[in-house]
Amino acid sequence: MKPTTTVLDVARIRESFPILQREVSPGVPLVYLDSAATSQRPVQVMQAIDEFYRKHNANIHRGVHRLAEEATEAYEAARGRIADFIGAASPREIVFVRNTTEAINLVARTWGEVNLGAGDVVLLTEMEHHSNLVPWQMLAAKLGFRLEFVPVDEQGLLDMDAYKELLGHGPKLVGFTHMSNVTGTINPAAEMTAMAHAAGAVVLVDGAQSVPHMPVDVQQIDADFLAFSGHKMLGPTGVGALYGRQELLEAMPPFLGGGDMIKRVSLEGFSTNEVPYKFEAGTPAIAEAVGLGAAVDFLSEIGMAAVHAHEQVMIAYALERLEEVPGLRVFGPAPELKGAVASFTFPGAHPHDIAQILDSVGVAVRAGHHCAMPLHQKFNIPATTRASFYIYNRIDEVDRLIEGLYKVREYFG
Ligand code: PLP
């Protein structure tokens with residue numbers, strides 16, 4: 001049944017997103033269903049960046065002049081907001097990075113380099129994005145440890161019995177995505193972390209899709225590391241965060257070498273700065289971090305429980321309507337087990353052609369392997385078309401997607 005409302009005042013939210021007012025061609029308004037790739041940004045984020053450059057721009061941490069102090073304050077305030085947003089015990093546990101990919105590479109190249117070696121096991125899952133797979137493959141090739149994978153069933157859920165069994169192999173690190181960017185599956189992060197800790201493993205959670213869309217509390221999950229990107233949660237590109245438990249961050253060697261990550265340098269060597277600065281070599285994305293702080297404020301004002309509740313209504317309705325389209329196959333579990341992501345195939349139509357036809361009616365979706373080739377291999381398909389929803393999507397936009405899909409059906413018979 002078509003819902004009439006969700007918990008969010010979507011019309012009001014949309015006022016903050018000027019891009020959603022545009023047409024993709026004359027008379028064809030944009031329906032943006034590609035937020036899993038990158039979200040749109042509200043004017044509040046753009047204004048925060050604009051104001052930073054207009055009034056406060058300077059390099060941080062090293063200056064004593066007024067602008068340098070203000071820029072440092074704005075950058076560190078953003079760190080504090082992000083720490084609160086995910087329930088970190090201290091802002092020191094938040095390392096600014098470029099994105100989820102860099103956050104995971106940081107963990108692999110620092111924690112991994114000193115804690116992993118021949119004979120060790122790192123346990124991942126079959127549903128990982130390449131960014132939580134390739135860094136470990138690269139490191140495994142160098143250090144000689146083994147990668148193992150928790151299987152995914154045909155519904156797109158992890159096989160928890162197999163997980164339990166694989167933990168028996170004594171992995172040093174367990175890494176898993178909190179929410180799949182293909183099936184939308186939400187993995188039971190707290191339960192999985194507790195099981196991994198009981199087996200003696202350190203836990204890294206890929207929060208690229210969960211942090212933007214649902215309440216995520218690192219202390220409730222008890223994660224050791226959590227990686228996420230600003231650009232998927234209304235923030236700018238070029239900035240993201242790695243949460244790391246403070247004692248782990250303190251024990252890790254630095255990642256990149258250069259300015260800001262050091263305490264003292266001589267020609268003979270260097271000593272490292274305290275965390276998190278030890279991991280932030282060079283001038284960071286200052287204005288972008290400030291913009292991410294504004295994005296966190298925007299989301300916090302709405303409330304992450306409300307964001308999730310809205311998306312639950314959207315995905316339940318989207319799945320119901322998608323099921324009506326003859327021949328369409330949707331991947332992933334029931335709506336209550338997933339986020340607002342629907343990936344599907346249509347017999348006889350290539351996912352890219354589907355996306356192109358949808359684009360002709362203004363509906364922006366993504367087609368391809370979504371940087372999760374192994375999961376597509378598991379499902380025996382080369383690619384899917386993916387529609388993903390966020391706080392600014394209206395219920396009637398699901399109908400626009402479905403109308404577009406009937407057009408695809410007409411075209412391909
Ligand atoms: N992990 C998941 C689950 C993702 O969906 C993505 C992006 O699509 C990433 C990691 C990588 O994010 P980024 O490209 O911002 O580093």
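Note that these values count all heavy atoms, side chains included, but never hydrogens, waters or copies made by symmetry. Both counts, for ligands and for their atoms, begin at 1 and track the order of listing. No experiment lies behind these values; they were computed from the predicted model shown. For this chain, numbers begin at 1 and follow the sequence in order.
The closest side-chain donor-acceptor pair between Gln44 and Ser16 falls under 3.5 angstrom. Checked by atom type, the side-chain pair Ser229/Thr100 shows a donor-acceptor distance below 3.5 Å.
Within the structure, the salt bridge (charged side-chain N to carboxylate O under 4.0 Å, His left out) test picks out no pair touching residues 195-217 (sequence neighbours left out). Here salt bridge (charged side-chain N to carboxylate O under 4.0 Å, His left out) pairs that include residues 354-375, with residues two or more places apart or in two chains, are Asp34-Arg366.
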Write 'none' if nothing qualifies; otherwise put on separate lines each N/O atom of ligand 1 with a protein N/O atom under 3.5 Å away and their distance to 0.1 Å.
unit_1: ligand 1; atom_1: 1 (N); unit_2: Asp206; atom_2: OD1; d: 3.3
unit_1: ligand 1; atom_1: 1 (N); unit_2: Asp206; atom_2: OD2; d: 2.5
unit_1: ligand 1; atom_1: 5 (O); unit_2: Gln209; atom_2: NE2; d: 2.7
unit_1: ligand 1; atom_1: 8 (O); unit_2: His129; atom_2: NE2; d: 3.4
unit_1: ligand 1; atom_1: 8 (O); unit_2: Lys232; atom_2: NZ; d: 2.6
unit_1: ligand 1; atom_1: 15 (O); unit_2: Ser229; atom_2: OG; d: 2.6
unit_1: ligand 1; atom_1: 15 (O); unit_2: His231; atom_2: NE2; d: 2.7
unit_1: ligand 1; atom_1: 16 (O); unit_2: Thr100; atom_2: N; d: 3.4
unit_1: ligand 1; atom_1: 16 (O); unit_2: Thr101; atom_2: N; d: 2.9
unit_1: ligand 1; atom_1: 16 (O); unit_2: Thr101; atom_2: OG1; d: 2.5

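By the ring-ring contact (aromatic ring centres under 6.0 Å, His included) test, Tyr277 pairs with His61, sequence neighbours left out.
For the pair Arg321 and Glu324, the salt-bridge criterion is met [side-chain N within less than 4.0 Å of a carboxylate O].
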